[in-house]
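Since the structure comes first, as structure tokens, the remarks are kept for the end.
Every value quoted in this text rests on a predicted model; they were computed, and no experiment measured them.
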Amino acid sequence: MDGIAIGGRDSAVVTRTSYGVDFLARGESRATLPRKRYGTLLDRASDGRIITDERQLIDPGEGRTASGARVGRVMPGGGPAAAAVFSPNGRRLAMSDHVGRVTLWDGDGRTRLAVLTPGADAGTGGERRPSALAFSADGGLLAVGDADGELRFWSTDAPRSAGSPLPSADGPVLALAFTSDGSRLRAATPLTPVRTYPLGLERTAGAVCARAGGGLTREAWASYLPAVAYRETC
């Protein structure tokens, strides 16, 4: 049994068992939320809410499980989640599914803010391994890594952008984590325990230049910016 303490709440403790998700609230006996009905625990928010792979959002401090009453609610959308993570402040929730789609939600799981990656084309029949997801400490950045080693990060204030790419990892991305100041991203793969990626302005500019195929030529600069002295942009 793996114990998971619910941060910020001394009235509820969640544990994960082979049968489902247990929770113990003050004044109540422990009861199990059956895996068949509620799914497997994926992550918990700092205020104690948990999310399962069946898209169930559950607040352990409000449940009534001894009588068998339903706890939590199911988020909108179809299909189970492959991975899910709350932002540290609990205001955002990122989720991936088994076809590679990654979506960003508000912390209550009621409003889908953006589809970050669309997932596999319908009808291909192929499933992708779950994405690795991570928020920065301030919740301002979200990183996504996939089974092909691709890495990308988004500003959560601009989730409808294409995101910023990073150099590919050397294998499937197993886990991601930002440094405390959000300036670097760490990725783990089966071949490299930890690889660190800087996320400063220099790295972002380099990614933009790579996507654009280089900066403006002198001729293009003269056409678009005739009143400005030429300088190299990449």
Query raised in the report: Taking the hydrophobic residues Ile, Leu, Val, Met, Phe, Trp and Tyr, and joining any pair whose side-chain heavy atoms are under 4.5 Å apart, which ones share a cluster with Leu191?
Result: none

Report summary line: Residues Ala187 and Tyr197: closest non-hydrogen pair is CB-CE1, 4.0 Å

Query raised in the report: Taking atom CZ of Arg160 and atom CG of Leu104, what is their separation to the nearest 0.5 Å?
Result: 9.5 Å

Report task. With sequence neighbours excluded, tell me which residues meet side chain to side chain contact (heavy atoms under 4.5 Å, CB included) with Arg55. Result -> Val74, Met75, Met95, Trp105

Query raised in the report: Quick one: side chain to side chain contact (heavy atoms under 4.5 Å, CB included) partners of Thr111, sequence neighbours excluded?
Result: Asp106, Leu113

Query raised in the report: From Leu151 CG over to Asp146 CG, what is the distance, rounded to the nearest 0.5 angstrom?
Result: 7.5 Å

Query raised in the report: Residues in side chain to side chain contact (heavy atoms under 4.5 Å, CB included) with Asp181, at least two apart?
Result: Thr179, Ser183

Query - Student check: side-chain heavy atoms of Leu141 and Phe135 closer than 4.5 Å - result: no

Query raised in the report: Quick one: side-chain hydrogen bond (donor to acceptor under 3.5 Å, both in side chains) pairs with a partner in residues 76-86, sequence neighbours left out?
Result: none

Query raised in the report: Under the side chain to side chain contact (heavy atoms under 4.5 Å, CB included) test, which residues partner Thr196, sequence neighbours left out?
Result: Arg184, Arg186, Val194

**Report entry** Pairing residues for Ser87 by the side-chain hydrogen bond (donor to acceptor under 3.5 Å, both in side chains) criterion, not counting sequence neighbours
**Finding:** Asn89

**Report entry** Listed partners of Ser155 passing side-chain hydrogen bond (donor to acceptor under 3.5 Å, both in side chains), at least two apart
**Finding:** none

Query raised in the report: Residues in side-chain hydrogen bond (donor to acceptor under 3.5 Å, both in side chains) with Thr156, at least two apart?
Result: none

**Report entry** Side-chain cluster (under 4.5 Å, hydrophobic types only) that Val115 belongs to, other residues
**Finding:** none

**Report entry** Between CD on residue Glu54 and CG on residue Leu41, distance to nearest 0.5 Å
**Finding:** 13.0 Å

Report summary line: Minimal heavy-atom distance between Ala134 and Leu176, with the atoms involved, is CB-O, 3.5 Å

Query - ring-ring contact (aromatic ring centres under 6.0 Å, His included) partners for Trp221, two or more places apart - result: Tyr230

**Report entry** For Ser161, all residues meeting side-chain hydrogen bond (donor to acceptor under 3.5 Å, both in side chains), sequence neighbours excluded
**Finding:** none

